[in-house]
Amino acid sequence: MSSFFRIPVALACAALASGCAFGPNYDIVIAGGTLYDGTGAPPREASIAVKDGRIARVAAPDTRLRARRHIDATGLAVAPGFIDPHSHVPESVPEMPGAMLDIQDLSQGVTTIMASPDGELSVRQMGRLRDELARRGSGPNYGCYVGHNGIRREVMPGEHRTATPQEIAAMAVQVRAGMEMGCVGLSTGLMYDPGMYADEAEVQALAREVLPFHGSYDSHVRDPGAHLLESDREVVRLGRATGVPVKIAHLKAVGLANRGRIGDVIAMVEAARAEGVSVVADQYPYDGATLRFARELLLGPDGKVPDADALTAMLADPARRAALREATEQGVDGGFSWIKAVGGYGSMRIVDAPDAPDLIDRNLQLLAEDWGVPPFEALIRLVTQHHDVRLTLGSIDEADIRKLIVRPWVMISSDGFYVDDTVRRLGKAHPRSWGSFTRVLGHYSRDLGLFPLEEAIRKMTSLPADHLGFYDRGRIAVGKAADIVIFDPATVDARADYLHPSRPSAGIGTVLVNGVVVYQDGAATGATPGGFVRRQQPE
């Protein structure tokens with residue numbers, strides 16, 4: 001080509017900020033939106049270019065960027081995809097169709113989900129989950145903890161006692177294997193069987209195994225109902241003793257006995273942080289914890305929920321009725337029971353009573369006092385005289401929710417399970433599964449004004465990303481993974497509630513995972529670019 005032809009072409013290329021006019025330089029350009037970069041910095045107008053699954057450029061809003069696809073974000077917020085640091089949704093992966101799973105999280109803007117909280121999965125189980133996700137594909141990304149309960153069940157099957165040094169050593173081998181697989185750290189469920197039988201020495205020894213991998217520790221604490229502060233203090237002690245960054249899972253103050261005591265927990269955590277202990281927490285923004293039908297709280301002497309015929313027989317025999325009460329309130333042989341786990345009947349609130357709507361919002365302990373009967377007898381009355389009464393186990397005072405959620409070291413989580421109409425009918429569905437992140441953006445940030453939108457987004461992005469070691473996520477910056485959510489800050493909100501727990505959120509427009517559009521116009525696209533995310537070395 002002569003110089004006569006080269007010069008105009010060169011001038012045309014120079015006129016385009018992103019390159020020559022012969023073809024697009026980027027896969028996707030998001031233009032016209034207000035950028036919230038995930039750090040908590042004030043928002044700014046910007047255009048974002050995505051190429052090969054990464055953020056390739058963050059440019060001034062009037063910059064001309066050529067791409068195969070343009071997304072107009074005028075009037076909308078553009079933020080990093082949200083990270084759920086505590087989710088039970090992956091436990092449903094082997095049984096559920098992928099698109100059904102994806103929509104629950106993507107409709108809130110969640111692009112990365114942490115599996116195996118509460119000590120759930122062993123390394124073997126995690127390997128199966130990872131292989132299944134790789135086989136079928138996933139809309140969101142997944143990370144994973146090494147689950148203490150999972151490995152304890154494999155090393156000490158059926159044992160309800162402290163571990164021997166040899167057993168701790170065998171569990172330590174599994175912790176290291178999980179960290180080599182790419183897990184972010186160790187999780188425990190010390191309220192549950194078999195974690196409840198582990199002493200602090202066992203847990204600290206296993207937590208030390210994650211330190212060479214720059215891992216972290218996450219704990220469903222031992223007894224949040226009856227011993228709230230001491231249970232949370234155990235997590236801080238581990239962090240101080242081992243040097244491992246720690247997180248108190250779904251932190252809350254449950255029940256009448258703990259109302260207002262979240263301030264004591266906050267003071268304890270902030271004193272530890274001032275000493276240099278790396279301690280954070282996650283929180284779901286609802287006033288109730290686990291949901292169950294009233295009948296599911298009853299435990300027979302065999303540790304199982306009795307069916308209708310068995311329950312009738314037990315209640316008719318004074319000795320068997322007393323045994324039913326003992327097992328229900330104390331667990332079989334001192335094992336797990338919901339009444340004990342949540343700190344008693346004062347932690348239970350009725351959220352659904354189809355044939356007695358006047359019971360809704362009644363605290364079970366206070367209801368028993370009004371009826372003039374012991375709480376156990378009030379529970380029996382609910383089971384035998386009312387149809388399908390549901391209770392939240394671990395009622396939380398709204399003032400305590402607000403006091404905690406504003407702390408800068410508290411990130412947002414769902415503690416969610418997979419919820420569809422079938423699960424809802426079983427009575428265990430909680431609105432946090434479909435609404436936690438959008439409820440914070442809409443209700444707590446916009447409507448109540450507890451913190452600005454940029455801080456709400458930081459709690460869902462860079463804060464969990466840094467704690468988990470996902471250093472290439474959680475921010476909109478050049479080189480980071482293109483996990484992006486575009487939403488309307490004026491309308492974003494949760495629509496799920498206790499009676500309609502699987503309603504999708506409002507206001508979430510478009511969601512990208514690894515540079516691919518996975519959610520748009522209220523539906524999953526069917527794309528499955530998500531994958532297993534490994535913990536990375538600190539930058």
Side-chain angles (χ1 to χ4, degrees), residues 191-192 224-226 252 254-257 286-318 320-332 335-396 415 417 419 421-433 497-502:
M191 191 177 84
Y192 301 118
K252 53 190 173 291
V254 300
L256 296 177
Y286 287 90
D287 61 358
T290 303
L291 288 185
R292 286 292 186 273
F293 283 118
R295 62 179 179 272
E296 294 180 288
L297 307 185
L298 299 174
L299 289 180
D302 60 355
K304 298 178 180 179
V305 177
D307 60 26
D309 291 340
L311 178 60
T312 299
M314 289 178 185
L315 295 177
D317 182 329
R320 297 182 68 191
R321 190 183 189 107
L324 175 68
R325 176 175 178 172
E326 176 68 19
T328 297
E329 294 183 341
Q330 302 301 325
V332 177
F336 181 82
S337 88
W338 279 116
I339 307 296
K340 183 172 65 173
V342 301
Y345 297 96
S347 297
M348 300 180 178
R349 180 169 55 85
I350 297 170
V351 296
D352 190 15
D355 63 352
D358 57 308
L359 294 177
I360 293 176
D361 280 337
R362 297 298 304 273
N363 178 280
L364 187 52
Q365 179 177 314
L366 299 180
L367 181 64
E369 293 175 5
D370 286 350
W371 285 349
V373 298
F376 176 76
E377 296 303 325
L379 176 60
I380 293 299
R381 184 181 298 186
L382 291 178
V383 172
T384 58
Q385 297 184 16
H386 298 282
H387 178 67
D388 287 346
V389 169
R390 286 194 304 159
L391 304 99
T392 178
L393 313 184
S395 57
I396 308 163
D415 192 21
F417 291 80
V419 174
D421 284 345
T422 299
V423 177
R424 177 182 58 79
R425 287 193 294 271
L426 293 175
K428 301 177 183 179
H430 194 294
R432 67 184 184 228
S433 296
D497 57 31
Y498 288 108
L499 298 183
H500 309 93
S502 55

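Counting begins at 1 with the first residue of the sequence.
- With contacts defined as side-chain heavy-atom distances shorter than 4.5 Å, the pair Pro374/Arg325 qualifies.
- Listed here is the closest heavy atom pair of Leu379 and Ala294: CD1-O, 3.7 Å.
- To the nearest 0.5 angstrom, Asp352 atom CG is 10.5 Å from Leu359 atom CG.
- Going from atom CG of Leu382 over to atom CZ of Phe293 covers 13.0 Å, rounded to the nearest 0.5 Å.
- Tyr345 places a side-chain heavy atom less than 4.5 Å from the side chain of Glu329.
- You'll find the side chain of Leu367 reaches within 4.5 Å of the side chain of Ile350, heavy atoms only.
- In this structure, CZ on Arg292 lies 13.5 Å from CG on Leu298, to the nearest 0.5 angstrom.
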Can you list the steps and then say if Leu311 with Arg295 is a side-chain contact (heavy atoms from CB on, under 4.5 Å)? CA-CA 10 Å; Leu311 178 60; Arg295 62 179 179 272; 6.0 Å; no
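- Rounding to the nearest 0.5 angstrom, the gap separating the CD atom in Glu377 from the CG atom in Leu315 is 8.0 Å.
- The main-chain N or O of Phe417 is found under 3.5 Å from a side-chain atom of Ser433 such that the two form a donor-acceptor pair.
- Counting heavy atoms from C-beta on, the side chains of Gln365 and Met348 never come closer than 4.5 Å.
- For Lys252 (side chain) and Tyr286 (main-chain N/O), no donor-acceptor pair under 3.5 Å exists by modelled atom type.
- Rounding to the nearest 0.5 Å places CG of Leu364 at 10.5 Å from CD of Glu369.
- In this structure, the separation between CD on Gln330 and CG on Leu299 is 11.5 Å, given to the nearest 0.5 Å.
- For the pair Pro224 and Met191, the minimum side-chain heavy-atom distance is below 4.5 Å.
- The main-chain N or O of His386 is never found under 3.5 Å from a side-chain atom of Asp355 such that the two would form a donor-acceptor pair.
- When all heavy atoms of Pro318 and Ala316 are compared, the closest pair comes out as CD-O, 3.7 Å.
- Counting all heavy atoms, side chain and backbone alike, Ala327 lies closest to Gly300 at CB-O, 3.6 Å.
- Looking at heavy atoms from C-beta onward, Leu324 lies in side-chain contact with Phe376 at the 4.5 angstrom threshold.
- In this structure, Ile360 and Ala353 approach most closely via the heavy-atom pair CG1-N, 3.9 Å.
- Residues Val305 and Glu296 approach most closely at CG2-O, 3.6 Å, considering heavy atoms.
- When only modelled atom types and interatomic distance are considered, Tyr498 and Asp287 share a side-chain donor-acceptor pair under 3.5 Å.
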